[in-house]
Amino acid sequence: MNIREHIATAGLRTSLEGNFGLPVVLIDPEGAIINTNEDGDTLKGQVLYDRIGEDPETGDEIVVHENQVTIRKTALSRIPLAGEIWKIAFPLDPSAPDTLTTHLLTGTRAPIDGGSIGFIKIFPGEVSQI
Amino acid sequence: MSGIDNQMVYEQLRDSILVLLGAYAANRFRVVGFQKKTSDVAEHEGLVRSVQIFFSEEDADIFDIKERESEVVFQIEYTAAEPNQADVATLDDLNSTPAQYASALAGVQEGEDLANKSFDELRRMIIQILLDPANKDFGLDEYTVSSPRMRNFRKNGVLNRGSVFEVTGSERFSAKVTETFAGVTPTAAVQPAISVASEFVEESGDIEDNPSKISIDVDTI
């Protein structure tokens, strides 16, 4: 196993799914549920709730409350593609990891497919009941 | 009364427009009659989408005549916001079948699409109200307001505001109005008290002490 493969598997497994990881459930456009990794363990990913952005009016740094979920690609049986609509559920409160809230992956913001290293970063959108 | 104490036509028109829009707003949209600096996106979500309308332009000349026609312009700012919508109940149900999940995902209504349509609908309502010939006088005296028109419509790009997608835009409503300019000169001059002397000195130097013979010319204002 070369370094790239190692990072894509063991390295990201530690950084994204280790003590910092939170459970994630995906449902693909065909309705198939993905809630386990390739080993059958609970699918986990890195969930971030904020990022540093820039106020467009002042140019000042501001905290933007935007959810991001990063998952190791080798853990997934199917990789979300840009333009597809998926359900993605994850905890909104890291101290309550068993309570997952439904979000959507839509065409609004395509996932960042980290082909070089082996992760995929998803930007879930909130959803309301029709 | 001085002109600075009375509303000019553009102020009366402003108030009339707000009343007119408010009468049709019902549960369709919210009317804001001033320019808001900041607002929470939640204030514009769903049927609480908002229209801000405020007086913004007029070219006024020197008030050398009592009535003058001028064009007044009101800036209109539209804001609409919508979230993604889906059959969340089915997506959350652990007992749903894959076909049900797939159907729910296929039925997702993306927030950008909903926000765009909501915005277009809001704009449609506003121009229908303001350009309706039945409203041409805007509650003011006949012929005070003429040539209402909407121009310079612009729609901005959709923004992702956390849980919702927001679409904003602007337009200008203009009309010709007949302004009455009173200026600041009081309409009735304050006359100084006239002191009637009890004595009147004649050219001869004699003093006439009969007040009934004293006459003073007073100019009529």
Side-chain angles (χ1 to χ4, degrees), chain A residues 23-36 48-51 53-58 60 62-68 77-78 80-92 98-111 122-130, chain B residues 35-42 44-49 77 79-119 156-168 170:
Chain A
V24 178
V25 173
L26 299 170
I27 299 181
D28 71 15
E30 274 69 52
I33 299 175
I34 304 174
N35 56 6
T36 58
L48 298 178
Y49 304 97
D50 312 285
R51 63 175 176 85
E54 184 178 287
D55 187 323
E57 292 189 1
T58 64
D60 294 337
I62 57 173
V63 176
V64 180
H65 299 293
E66 181 183 71
N67 300 319
Q68 302 172 53
S77 56
R78 176 176 170 176
L81 299 176
E84 292 182 330
I85 297 180
W86 288 55
K87 165 187 165 174
I88 174 170
F90 54 91
L92 288 182
D98 296 328
T99 303
L100 278 60
T101 301
T102 293
H103 291 68
L104 291 178
L105 165 63
T106 66
T108 297
R109 194 164 172 186
I122 297 170
F123 302 91
E126 297 186 28
V127 59
S128 298
Q129 176 66 42
I130 286 180
Chain B
Q35 195 174 7
K36 289 196 74 173
K37 175 63 176 174
T38 59
S39 61
D40 192 302
V41 67
H44 313 290
E45 187 177 342
L47 295 179
V48 196
R49 55 198 165 184
E77 304 282 346
T79 307
E82 293 285 352
N84 292 317
Q85 293 184 17
D87 184 359
V88 180
T90 297
L91 291 173
D92 283 346
D93 188 351
L94 299 177
N95 297 318
S96 296
T97 64
Q100 288 174 319
Y101 286 135
S103 176
L105 289 173
V108 165
Q109 297 178 33
E110 297 191 49
E112 299 105 310
D113 184 24
L114 294 172
N116 257 297
K117 289 190 169 78
S118 177
F119 177 96
N156 303 318
V158 64
L159 296 175
N160 186 346
R161 299 284 197 197
S163 62
V164 297
F165 298 90
E166 183 181 79
V167 178
T168 60
S170 64

Asker: Testing B/L114, B/N84, B/L159 one by one against B/F165 for a side-chain contact (heavy atoms from CB on, under 4.5 Å), which residue passes?
Answerer: B/N84
Asker: Are the side chain of A/Q68 and the backbone of A/L48 linked by a donor-acceptor contact shorter than 3.5 Å?
Answerer: no
Asker: Side chain, backbone, both or neither: which part of B/A106 has a heavy atom under 4.5 Å from chain A?
Answerer: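 Answer is neither: B/A106 stays 4.5 Å or more from chain A.
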Asker: With only heavy atoms counted, which part of A/I27 is less than 4.5 Å from chain B, the side chain, the backbone, both or neither?
Answerer: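 Both parts, backbone and side chain.
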Asker: Of the backbone (N, CA, C, O) and the side chain (C-beta and beyond), which part of A/Q129 lies under 4.5 Å from a heavy atom of chain B, both, or neither?
Answerer: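 Contact with chain B involves both backbone and side-chain atoms of A/Q129.
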Asker: Is it the case that the side chain of B/N116 and the backbone of B/E112 share a donor-acceptor pair, with hydrogens and angles ignored and the cut-off at 3.5 Å?
Answerer: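 Here the side-chain-to-backbone pair exists.
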Asker: Pick whichever of A/N67, A/L100, A/T102, A/D28 has the most heavy-atom pairs under 4.5 Å with chain B.
Answerer: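 Ranked by contacts with chain B, first place is A/T102.
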Asker: Check whether B/T168 reaches the backbone of B/N156 with its side chain - one donor and one acceptor, N or O, closer than 3.5 Å.
Answerer: no
